[in-house]
Amino acid sequence: MEDIFVARLMSSSLHTVTTDTLVEDAAQLILDNNISSVLVVDEDNQLDGILTTTDFVRIVAKSQPKAQTTVQKYMTTDVITANAQDSIIDVAEQMTEHGFHHMPVVDDDEGVIGIIATSDLTAYLSRADQPTVA
């Protein structure tokens, strides 16, 4: 398989929140946009964390979602990221090794520029494995 870079597969249509966003508002953003994560960024678009549907399962399981609770309480902060020039193979290995389904794509100057998900990798592989017609 040829070496493909993250920039080719990542989604750059992002849904972001800040650390002071209410959990309920972040959940509504996920539902309204039929997505499985939101990126938590600061005022300079630098990544602070990620909040996924899996995190919401944990929130509900703990039965502690209270009004006025911000995403900062539940977001993952030790986020492993990729950059646009990373190899898809390397990214897939990282995602498999750590057992997660989303990897934010960041740029040193621009901050968060995209996100790559296991569904992006699956879609790419399903197209890459199709035989070419001669």
Side-chain angles (χ1 to χ4, degrees):
M1 181 185 331
E2 66 181 284
D3 203 11
I4 302 298
F5 299 104
V6 168
R8 184 167 161 193
L9 301 183
M10 74 180 193
S11 171
S12 58
S13 174
L14 301 175
H15 298 279
T16 62
V17 297
T18 60
T19 57
D20 60 350
T21 300
L22 297 179
V23 170
E24 293 82 3
D25 293 337
Q28 193 63 54
L29 182 66
I30 285 174
L31 288 174
D32 290 347
N33 292 283
N34 195 28
I35 55 176
S36 56
S37 68
V38 292
L39 298 172
V40 184
V41 298
D42 66 15
E43 61 277 353
D44 295 321
N45 199 43
Q46 298 300 310
L47 185 67
D48 281 335
I50 187 170
L51 195 67
T52 69
T53 52
T54 303
D55 295 319
F56 282 103
V57 170
R58 188 169 23 101
I59 291 167
V60 171
K62 289 182 178 181
S63 299
Q64 294 300 318
K66 296 187 180 355
Q68 307 302 311
T69 303
T70 63
V71 299
Q72 187 172 21
K73 180 174 180 176
Y74 297 105
M75 71 183 189
T76 300
T77 56
D78 56 341
V79 182
I80 297 174
T81 62
N83 73 51
Q85 299 308 311
D86 285 347
S87 161
I88 286 301
I89 294 169
D90 293 340
V91 169
E93 287 174 356
Q94 284 283 320
M95 293 172 85
T96 301
E97 178 182 330
H98 295 285
F100 47 70
H101 303 282
H102 307 87
M103 187 178 285
V105 182
V106 297
D107 176 83
D108 290 338
D109 297 324
E110 296 179 49
V112 179
I113 60 169
I115 190 163
I116 189 146
T118 52
S119 57
D120 298 319
L121 299 173
T122 303
Y124 170 73
L125 288 174
S126 69
R127 290 188 307 270
D129 283 345
Q130 297 199 1
T132 56
V133 177

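All values below were derived from every heavy atom in this structure, side-chain atoms included, with hydrogens, water molecules and symmetry-related copies excluded. Along the sequence shown, the residues carry numbers beginning at 1. Not measured: the values here are computed from a predicted model.
Just one residue in the list Thr52, Thr70, Leu51 forms a side-chain contact (heavy atoms from CB on, under 4.5 Å) with Met75, and that residue is Leu51.
Between Asp86 and Phe5 the shortest side-chain heavy-atom distance does not fall below 4.5 Å. With contacts defined as side-chain heavy-atom distances shorter than 4.5 Å, the pair Ile30/Thr53 qualifies. Looking only at side-chain heavy atoms (C-beta outward), Gln72 and Asp20 stay at 4.5 Å or farther from each other.
Taking the side chain to side chain donor-acceptor pair (under 3.5 Å) definition, one finds that Thr21 meets it with Thr18, sequence neighbours left out. The side chain to side chain donor-acceptor pair (under 3.5 Å) check on Thr77 picks up nothing, with sequence neighbours excluded. Ser119 pairs by the side-chain contact (heavy atoms from CB on, under 4.5 Å) definition with Ala117, not counting sequence neighbours. Residues passing the salt bridge (Lys or Arg N to Asp or Glu O under 4.0 Å) test with Asp120: none are found, sequence neighbours excluded. The side chain to side chain donor-acceptor pair (under 3.5 Å) check on Thr81 picks up nothing, with sequence neighbours excluded. Partners of Gln46 by side chain to side chain donor-acceptor pair (under 3.5 Å), not counting sequence neighbours: none found. The ring pair (Phe, Tyr, Trp, His ring centres under 6.0 Å) search around Phe56 returns none, not counting sequence neighbours. Qualifying side-chain contact (heavy atoms from CB on, under 4.5 Å) partners for Leu29, counting only residues two or more places apart in sequence or in other chains: His15, Val17, Asn33, Val38.
Residue pairs that meet the salt bridge (Lys or Arg N to Asp or Glu O under 4.0 Å) test with at least one member in residues 41-55, sequence neighbours left out, are Asp55-Arg58.
In this structure, OG1 in Thr122 is found 10.5 Å from CZ in Arg127, a value given to the nearest 0.5 Å. Distance OG1/Thr69 to CG/Asp25: 11.0 Å, rounded to 0.5 Å.
Val6 and Ala82 get closest at one heavy-atom pair: CG2-CB, 4.3 Å. In terms of heavy atoms, Val40 sits closest to Ile50 at CG2-N, 4.3 Å. Annotation for Ala26 and Val71: closest pair CB-CG1, 3.6 Å, computed over non-hydrogen atoms.
A continuous path of Ile, Leu, Val, Met, Phe, Trp and Tyr side chains, each step under 4.5 Å between heavy atoms, connects Met10 with Met95, placing both in one hydrophobic cluster. Criterion: ILVMFWY side-chain heavy atoms under 4.5 Å apart, direct or through other members. Under it, Leu31 and Leu14 are not part of a common hydrophobic cluster. Both Ile116 and Leu125 belong to a common hydrophobic cluster when Ile, Leu, Val, Met, Phe, Trp and Tyr are linked at side-chain heavy-atom distances under 4.5 angstrom. Under the 4.5 Å side-chain heavy-atom criterion for ILVMFWY residues, a single connected hydrophobic cluster contains both Val23 and Ile35. Linking ILVMFWY residues whenever their side-chain heavy atoms come closer than 4.5 Å, directly or via other members, places Ile113 and Ile4 in the same cluster.
Looking at Thr96, its side chain never comes within 3.5 Å of a backbone N or O of Glu93 through a donor-acceptor pair.
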Which atom pairs, one a donor and one an acceptor, fall under 3.5 Å between side chains of residues 99-111 and the rest of the protein, sequence neighbours left out?
| from | atom 1 | to | atom 2 | distance (Å) |
| --- | --- | --- | --- | --- |
| His102 | NE2 | Ser36 | OG | 2.7 |
| Asp107 | OD2 | Asp109 | N | 2.9 |
| Asp107 | OD2 | Glu110 | N | 2.8 |

